[in-house]
Amino acid sequence: MGRPFDEIRGFSEGAGARPEFAALGQWLDETPAAELQRRQEAAEATFRQLGITFAVYGDEAAAERIIPFDIVPRIFTASEWSSLSAGLVQRVEAINAFLTDIYGPRKILADGIIPEDLILRNPQFRPEIVGSRPPHDVWSHICGIDLVRTGPDDFWVLEDNARTPSGVSYMLENREAMIRLCPELFQMYQVEPVDSYTDLLHETMQSVAPRGCGSDPVCVILTPGHYNSAYYEHSFLADTIGIELVEAADLEVDDDKVWMRTITGRVQVHVIYRRIDDDFLDPLIFRPDSLLGVPGLISAYRAGNVTIVNAPGTGIADDKAVYSYMPEIVRYYSGGDPLLPNVETYRCREPEMLSYVLDNLEKLVVKLVDGSGGYGMLVGPMASKTQIEDFRAALKAEPHRYIAQPTLALSTVPTLTEKGIAPRHVDFRPFVLSQPGRVKIVPGGLTRVALKEGSLVVNSSQGGGTKDSFILANNGGRS
Amino acid sequence: MRLTIDHRTRYQFSEPQARVVQLLRMTPLDFGGQTVIDWRIDVDCDARLREGRDGYGNITTMLYIDGPVNAVSIMVRGDVLTDDLGGRVKGTLEPLPPLFFMRSTPLTEASVAISDLVPPTPTGLDQAMALNLAVKAAVSVEPGRTPKTRTAAEVLAEGQGSVRDCTHVLLAAARSAGYPARLVSGHCLDGPNARSHKSAHCWAELFIAGEGWIAFDPSTGRLPGDTYVRVAVGLDAGDSTPLSGTRRGGGIEELDVEVRIAMSQSQE
């Protein structure tokens, strides 16, 4: 791991800011830390008031917390963003093409690009979905692609969240707070707005409605309920768009059509943006013990009477073992080289790679193929001897459940800490929306920051915070 | 052979139900060994039926019943013309490749004892036939419905079980020996359940390289022929189950099943 790249100050410590961010550098130097602290606390007070909390699994004492917010924004220039977004569009188009293929003709397996058993024996490959096709072949309508950066032009895809990625409410709420608390930054820079996201999300849902349901399809958001860690986001999105937030008990399937029960009678539902996992969609098809699901939903879906956003079965596209083949997948469906590279990934299911991983645990990051949220993860350079030995045993017992990656020197962004402004590692999750024949991205995303000094784990469940992410309308300087 | 099936299911609820939604996999498809001449599903109350397909290619029927309802009877009746292909499964719709059926499920996880059932002979039809007989010898089959859910390993350890339990043991053993394997639900004129009339039948299909899918009935030790009617397939009894349902309303339900299979009177 070399010296990390600081996105504002560049590689050289102590030197001034990169020329395009000189104004921000000056703002950081001239605004007293106490003033920044005051504004940050004001933002956090608002978030607490709004109820933007999340639950931490396995931590009963802190059942509801707010995610810490950092007042110093992260900035991308217009040209950085345009090359990033080209890579994101290419990647998400490939993910949708891959899902159409995998649940249909499976050409990519016949052509030997991916080992057959990696897909066919993967629990995320859902036989219940085989042979179905969502409207316009859009599967992953909302993709949250996690990116990390190691240098001025070096971006890497860390994860493709193709199921039900969360965090977009932070992108929107952080921006509102910044406009209110740091208006001078928006004088300084021409920042692309993000508030069109909810309209674009609604447009995306309407664009994939089943054929023949008219010009004003009924869309709803399906939440597992207020105990879910992202419940705030579910209700925020429903409120902002102006559609119903429903739980499974509010829906019923009759005659292979989905209905929402209301006080004035039942209303047919055409598009469901579900924020629950496949397992809990339909107890007749998936888990019979599920109380969250809607009996008959998959039959209605297969009959083409309702669109499920994201489509059931998309989990196969963001499985971490499948991730390791994403460069091949992108090349196969796009015909070109991937614009955004993958992080080098060792598949522990392959004996040679496993032995390399076991020999280099203290240097590597090890992840569960189906894990998320920073759970079940080892960061070798930060881990204790005991943690490493525990992972060694787990890897030997079930190697197919793990992948490993080199520990990257993630870029840093100046962050307000107890000791003043200091660099902290970040990642970035833009939200990519797929509509029939086109992919759209709001210029922005969720920047997560590891608040502990030196920490590389940005997950909110592991002590991470968030920042606003500015995408500039030009390449820096004063507007 | 022309077989007539009469499969009645009656649910009785201790309290009226507001809604009942059922998923049926009870309609057979034609394949090399059978031609469906006539098939009907009737329900004794106001219900909406919708036919579809699942990912395995099985015909599904959704049943939507409005309440209040105290009891539901589902009558499935039909005639099928069968041929004896000596267990060979030809002309089926195969949306999933054989390798998919190497997946194990919680009910069909192999134990050491299950893997030990596999005869130490070369892979192929002879080994599979010997394995089928080994499972028959190891599990004493009791007719009727499966009283409680047990894993294949538990069934083998206890040495007895239903037709379904016995089939799960064969699936687990076959997959551990490298054969893709699946459960087939259906009917059998002369199987262990034929006299009790309390349950339909099920058996296994194993994919054997160079041979294709071959059917094995570990409850009889035979290769299914023209006394069998093939209805639905899945990884285990869970995802090929003939009837699964949900209901809204309290109380408990009582289930009564009666399956009759006979050679048709009007045999030509």
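Since we're looking at a predicted model, the values are computed, not measured. Each chain gets a letter, A, B and so on, in the order the sequences are listed, and its residues count up from 1. Computed over heavy atoms, backbone and side chain alike; hydrogens, waters and symmetry mates excluded.
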Using a 4.5 Å cut-off on heavy atoms from C-beta on, say whether the side chain of [Y] contacts that of [X].
X	Y	result
Ser240(B)	Val233(B)	no
Asp54(B)	Glu128(A)	no
Trp139(A)	Ile129(A)	yes
Arg25(B)	Val231(B)	no
Val258(A)	Asn305(A)	no

*Apply the test side chain to side chain contact (heavy atoms under 4.5 Å, CB included) to residues Val253(A) and Val306(A): give CA-CA distance (whole Å), side-chain angles for both, the deciding distance (0.1 Å), then the verdict.*
CA-CA 10 Å; Val253(A) 181; Val306(A) 69; over 6 Å; no
Please determine, among [options], the option with the most heavy-atom pairs under 4.5 Å with chain B.
options	answer
Val130(A), Asp117(A), Asp255(A)	Asp255(A)
Gly131(A), Pro295(A), Pro127(A)	Pro127(A)
Leu109(A), Ile285(A), Ile298(A), Asn122(A)	Asn122(A)

Checking heavy atoms, do the side chain of [X], its backbone, both or neither come under 4.5 Å from chain B?
X	value
Tyr103(A)	neither
Ile119(A)	backbone
Arg302(A)	side chain
Glu116(A)	both

*Taking atom types as modelled and ignoring hydrogens, do the side chains of Asp111(A) and Tyr332(A) form a donor-acceptor contact shorter than 3.5 angstrom?*
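There is such a pair (donor and acceptor under 3.5 Å, judged by atom type) between the side chains of Asp111(A) and Tyr332(A).
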*Is it the case that Ser73(B) and Arg10(B) place a side-chain donor and acceptor less than 3.5 Å from each other?*
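Judged by distance alone, the side chains do pair up.
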Which residues in [range] have a heavy atom less than 4.5 Å from any heavy atom of chain A?
range	answer
residues 172-185 of chain B	none
residues 95-115 of chain B	Pro95(B), Leu96(B), Pro97(B), Leu99(B), Phe100(B), Met102(B), Arg103(B)
residues 201-212 of chain B	none

*asked:* For a quick test of reading the model, state the closest non-hydrogen atom pair linking Pro28(B) to Gln34(B) and the distance between them.
replied: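 Closest approach of Pro28(B) to Gln34(B): CB-NE2, 3.7 Å.
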_Both conditions, 6.0 Å and 45 degrees, for the charged tip of Arg347(A) above the ring of Tyr325(A): are they met here?_
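Yes, Arg347(A) sits over the ring of Tyr325(A).
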_Aromatic Phe31(B) / basic Arg230(B) pairing, under 6.0 angstrom, 45° off normal_ =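 Output yes; distance and angle both within limits.
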_Ring-plane angle category for Tyr231(A) and His234(A), please: parallel below 30°, perpendicular beyond 60°, tilted otherwise._
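The rings of Tyr231(A) and His234(A) stand perpendicular, inter-plane angle above 60°.
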*Just jot down the side chain to side chain contact (heavy atoms under 4.5 Å, CB included) partners of Asp254(A), sequence neighbours excluded, or say none.*
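Trp259(A), Arg266(A), Arg19(B), Arg48(B), Tyr64(B), Asp66(B).
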*Is it true that Lys148(B) and Asp165(B) make a salt bridge, defined as a side-chain N closer than 4.0 Å to a carboxylate O?*
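Result for this pair is no, no salt bridge flagged.
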*Quick one: do Arg163(A) and Asp278(A) make a salt bridge, cutoff under 4.0 Å?*
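Here Arg163(A) does not pair with Asp278(A) in a salt bridge, since their nearest N and O are not under 4.0 Å apart.
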*asked:* I'd like to know if the side chain of His168(B) and the backbone of Ala237(B) have a donor-acceptor N/O pair within less than 3.5 Å.
replied: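 Yes.
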